[in-house]
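Right, one structure below, let's go through it.
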Amino acid sequence: MTDQRSKFEQFRTLHQRPSSFVIPNPWDAGSARLLTSLGFEALATTSAGYAFAKGKRDSLSALGRSEMLDNAAEIVAATHLPVSADLGDGFGADPETCAETIRRAADVGLVGGSIEDATGNPDEPVYEFSQAVDRVRAAADAAQGLPFLLTARAENHLYGRDDLDETIWRLQAFEAAGADVLYAPGLPDLDAIRSVCASVSKPVNVVMGLKGSVYSVAELEEAGVRRISVGGSMARAAFGALMRAAREVKEAGTFTYAADALPGGEIAALMTDSPLDSRT
């Protein structure tokens, strides 16, 4: 717990700085080691990246709590950095399930995680307001006393509910319920991002790499964003490189893709160097 507490303090300090920081999203231990080697200051898991690596769709119904926490534990063990987790909808509709998810997440060494208000039900994709707030409050209560930073996500804009006022209303309620970080993926533009950041007092996470406009770290920092994640976009980039290489071989019968591949020795060093071993 001492090492976890130290990582938690590092993670909390990152959110207290005036500048933005990028928290990239590995999907397994190997990608975690690679990202660690580049000097990032924290990592976050990705349900999408994990799902793709397992041949699954990224959906609330397809991914179970135990497997997601096992994946997170592998990433925690692969890096000396603080790790936060994509915990989906908390793996259940009722507040106590969300609370139990937070306790179990802390047990595997995570120092942060997100609970979203998406339901997984296409007919009613977002939880009713009071239930959404109750779920965040239960998660925040569970995190009290633990080395754990809770992120609350408002999913409106990923499900065609493009009402910025409602999104802000939800985020403000999540803040009042005890969330440490606020997050509304899919905001349409920089003005919307700026409005969200100005409407709450807790740090705001914004995701880049999804469809739509892409902004630089400097632009997002100027808008008030504290934390920038990339979701499953790096996993998709890796799958894109694999698909391009495979198509070249299948369609052209050539192997020029190998010129852009990481050398095996370089990869091996990342997987074995003691500074990246979580036991040091």
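For the single chain, residues carry numbers from 1 onward in sequence order.
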Within-4.5 Å side-chain heavy-atom neighbours: [X] and [Y]:
X	Y	answer
Arg135	Asp89	yes
Ile102	Leu87	yes
His15	Leu149	yes
Arg247	Arg244	no

For Asp191, all residues meeting salt bridge (Lys or Arg N to Asp or Glu O under 4.0 Å), sequence neighbours excluded: Arg194
For Glu175, salt bridge (Lys or Arg N to Asp or Glu O under 4.0 Å) partners two or more places apart: none
[Y] backbone acceptor or donor facing [X] side chain under 3.5 Å:
X	Y	value
Ser37	Leu270	no
Glu248	Tyr257	yes
Thr79	Arg33	no
Lys7	Val111	no
Glu219	Ser216	yes
Thr97	Ala93	no
Gln4	Ala106	yes
Arg236	Gly209	yes
Glu116	Ala152	no
Thr46	Trp27	no

Flag for Ser6-Asp3: side-chain donor and acceptor within less than 3.5 Å: no
Closest non-hydrogen atom pair, Ala223 against Ile193: CB-CG2, 4.3 Å
Nearest atoms (heavy-atom pairs only) where Phe129 meets Ala173: CZ-CB, 3.5 Å
Verify same cluster id: Val230, Phe239 (apolar side-chain graph, 4.5 Å): no
hydrophobic_cluster_shared for Val206 and Leu210, side chain cutoff 4.5 Å: no
Among Arg153, Arg170, Arg161, the one residue meeting salt bridge (Lys or Arg N to Asp or Glu O under 4.0 Å) with Asp117: Arg170
Ion pair Arg17/Glu41, N-O distance below 4.0 Å: yes
Arg104 bridged to Asp107 by N-O distance under 4.0 Å: no
Partner set under side-chain contact (heavy atoms from CB on, under 4.5 Å) for Ser229, not counting sequence neighbours: Ile23, Asn25, Tyr183, Asn205, Val207
Straight-line distance of Arg227 CZ to Glu221 CD, nearest 0.5 Å: 15.5 Å
